[in-house]
Amino acid sequence: MTGPRSYAAVDLGASSGRVMVGRVGPESLELAEAHRFANRPVRLPEGLRWDVLALYAGVLAGLRTAGPVDSVGIDSWAVDYGLLDADGALLGNPVHYRDARTEGVAETVWATLPAAELYARTGLQYAPFNTLYQLAAARSSAQFARAERLLLIPDLLSYWLTGEQGTELTNASTTQLIDPRTRQWSREVAHRAGIDLGLFAPLRRPGDPAGLLRPEVLEETGLTGPVPVTAVGSHDTASAVAAVPAAGERFAYICTGTWSLAGLELTAPVLTEESRAANFTNELGLDGTVRYLRNIMGLWLLQECVRAWGGPELDGLLRDAAAAPALRSVVDAGHPDFLAPGRMPERIAEACRASGQPVPRTPGEITRCILDSLALAHRRAVTDAQRLADHPVDTVYVVGGGARNTLLCQLTADACGLPVVAGPAEAAALGNVLVQARAHGLSGDLAAMRRLLTRTQPLTRYGPRGDTARWAVAEARLATR
């Protein structure tokens, strides 16, 4: 590369989407927001669905605003997919992972593929919404009977932009159909689960070409072709972990947003029974890495409370939370009781009552309970991951939207008893941009990408305060539930 180039990162989260433009040069990295749009699921008579057409319209509007770019990359949340018929037309709106259709499905899958064997083959934690269970739930539907192709959400949008189909590997690794050792489909798992792998388009890896914007897309966005689409770490967590500004290997990360994904970057999966019992997952990352992590409910808990309270100002809630007593009440932030939308303040109160703790009453008290609970869950995940992977760490990196939440970052440092480095907040978009830049001429490996992030992005360091023993006492309260 002789000078900075521009890359459009389409970054879709569970509550909003954005198109960001990254300018990357050998010693420079700048990111600007071109367009942000809501991601509002729709509850239909048949269940909870993604409004994927509105998301696609948001992507087109963002590319129109972005202006000339050298490449486009797309990342999104994991596990969900669209089904296409023989003509390549979408068969209905994709089902939302919080839909109730997978309730009780895992047990039917386990009758053929016992949970312990499934973990030993795929390394994926149990979550009721894993793609494997979604497919088992969908198998008897008329829609599924007509399907000729399955595309994960970022691959679906890429197909609409280019007309070319593929399945990006980091996201495919969340389907529970990939062997993390070979980084290929597990044909044994698919066969025994009754899933036809022919539904999936060929695997792509981050950096692979994914086609060119169609002429109709160029006309609608005002872009001048050819504009390539480049496969990135299309699972947003894969892109976010790529943008963790760490040096060396002794670090843990927490990707914060609607979910908290807390864990380690490893060179090989951990497939032990103890790891399965602790509900850790082995997802694939850039350059042969494994994202060894635990899913925690994340800021979804606070987002749902804010919605229930009518949208009060977040800064005010955080000020009230900072003034509330510490660790007065905590809940298990990874518990499936909190997965579905609705009545979140009441459900948090009920969990505190059931465990014999004081019931938080005010929005400030409930917010403090949530943030203390998230910090406690971060502590458990970081501690357990080090033990299970035999991989000690000396720093925790918090990236994603939660990096802006100073109270959460400080509480995480206090709970873990380790320094926390917060930032970048737009980690997924930055990781997306850097993979594109590397594919189009930016030299350097993953470590070099991270050095560039460290030099160019604002980071905040939080030192641990107080004795971690009080967090162990709070954790013991949850064990009685």
Side-chain angles (χ1 to χ4, degrees), residues 1-13 15-26 28-39 51-77 153-164 168 206-236 238-240 242-243 257 400-401 424-442 449 452-453 456-457:
M1 290 178 60
T2 57
R5 296 181 184 175
S6 295
Y7 304 93
V10 177
D11 178 28
L12 303 177
S15 57
S16 69
R18 60 206 63 86
V19 176
M20 311 290 286
V21 177
R23 293 270 296 165
V24 186
S28 63
L29 173 58
E30 300 174 355
L31 191 71
E33 181 179 304
H35 181 56
R36 187 175 291 261
F37 48 96
N39 183 4
D51 189 354
V52 72
L53 299 183
L55 292 178
Y56 183 59
V59 171
L60 294 176
L63 293 178
R64 192 160 49 246
T65 305
V69 293
D70 293 283
S71 170
V72 177
I74 305 172
D75 68 78
S76 85
W77 69 94
I153 295 298
D155 299 320
L156 175 63
L157 295 173
S158 178
Y159 166 60
W160 284 342
L161 290 176
T162 67
E164 297 192 19
E168 193 279 317
D208 285 352
L212 300 173
L213 294 185
R214 295 183 295 112
E216 297 85 353
V217 173
L218 294 174
E219 182 178 359
E220 185 159 356
T221 59
L223 296 172
T224 301
V227 178
V229 174
T230 304
V232 297
S234 73
H235 183 196
D236 53 8
S239 281
E426 294 287 358
L430 285 164
N432 179 323
V433 162
L434 285 171
V435 170
Q436 291 185 71
R438 187 169 70 169
H440 292 272
L442 178 67
M449 291 164 57
L452 180 60
L453 285 158
T456 60
Q457 302 305 301

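- The minimum heavy-atom distance linking Ser71 with Gln436 is given by the pair OG-OE1, 2.7 Å.
- Between Leu434 and Tyr7 there is no side-chain heavy-atom pair separated by less than 4.5 Å.
- Residues Leu453 and Leu430 form a side-chain contact, since some pair of their non-hydrogen atoms from C-beta on lies under 4.5 Å apart.
- In this structure, the side chains of Leu161 and Ile74 come closer than 4.5 Å at one or more pairs of heavy atoms.
- A pairwise comparison of heavy atoms in Trp160 and Tyr56 identifies O-OH, 3.3 Å as the closest pair.
- A 6.0 Å sphere centred on CD of Glu219 holds no more than 12 heavy atoms belonging to other residues, nucleotides or ligands.
- A search for salt bridge (charged side-chain N to carboxylate O under 4.0 Å, His left out) contacts involving Arg18 returns Asp11, not counting sequence neighbours.
- Of all heavy-atom pairs between Ala243 and Ala427, the closest is CB-O, 3.2 Å.
- Taking all atoms of both residues into account, the shortest heavy-atom contact from Leu452 to Pro26 is CD1-O, 4.1 Å.
- No side-chain heavy atom of Val232 sits less than 4.5 Å from a side-chain heavy atom of Pro206.
- At least one side-chain heavy atom of Val229 sits under 4.5 Å from a side-chain heavy atom of Leu213.
- For the atom pair OG1 of Thr65 and CG of Leu60, the computed distance is 11.0 Å after rounding to the nearest 0.5 Å.
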Inset, instruction - Would you check, one step at a time, whether the test side-chain contact (heavy atoms from CB on, under 4.5 Å) holds for Val227 with Thr221? - result: CA-CA 11 Å; Val227 178; Thr221 59; over 6 Å; no
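- When atom types are taken as modelled, the side chain of Asn432 and the backbone of Ser239 share no donor-acceptor pair closer than 3.5 angstrom.
- In plain terms, the two heavy atoms of Gly25 and Leu442 that are nearest each other are O-CD1, 4.2 Å.
- The backbone N or O of Ala437 lies less than 3.5 Å from no partner atom in the side chain of Arg5, so there is not a single donor-acceptor pair.
- When the salt bridge (charged side-chain N to carboxylate O under 4.0 Å, His left out) test is applied to Glu33, the partners found at least two apart in sequence or on another chain are Arg36.
- Between the side chain of Gln457 and the main chain of Leu29, a donor-acceptor pair closer than 3.5 Å is present.
- Between the side chains of Arg23 and Ser6, a donor-acceptor pair is found at a separation under 3.5 Å.
- The heavy-atom pair separating Val21 from Ala66 by the smallest distance is CG2-CB, 3.5 Å.
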Inset, instruction - Check the pair Asp70, His440 against side-chain contact (heavy atoms from CB on, under 4.5 Å), reporting the backbone distance first and the verdict last. - result: CA-CA 8 Å; Asp70 293 283; His440 292 272; 5.9 Å; no
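- Within the 4.5 Å cutoff, the side chain of Val433 has no heavy atoms near those of the Met20 side chain.
- Side-chain contact between Leu55 and Asn39 is present, with heavy atoms from C-beta onward closer than 4.5 Å.
- Summarising the geometry, atom CG belonging to Asp208 is positioned 9.5 Å from atom OG1 belonging to Thr230; distances are rounded to the nearest 0.5 Å.
- Distance check: Ile153 CD1 to Asp75 CG gives 13.0 Å after rounding to the nearest 0.5 Å.
- Annotation: side chain of Val72 is not in contact with side chain of Val59 (no heavy-atom distance under 4.5 Å).
- We find the OG1-CD distance between Thr456 and Glu30 to be 9.0 Å, quoted to the nearest 0.5 Å.
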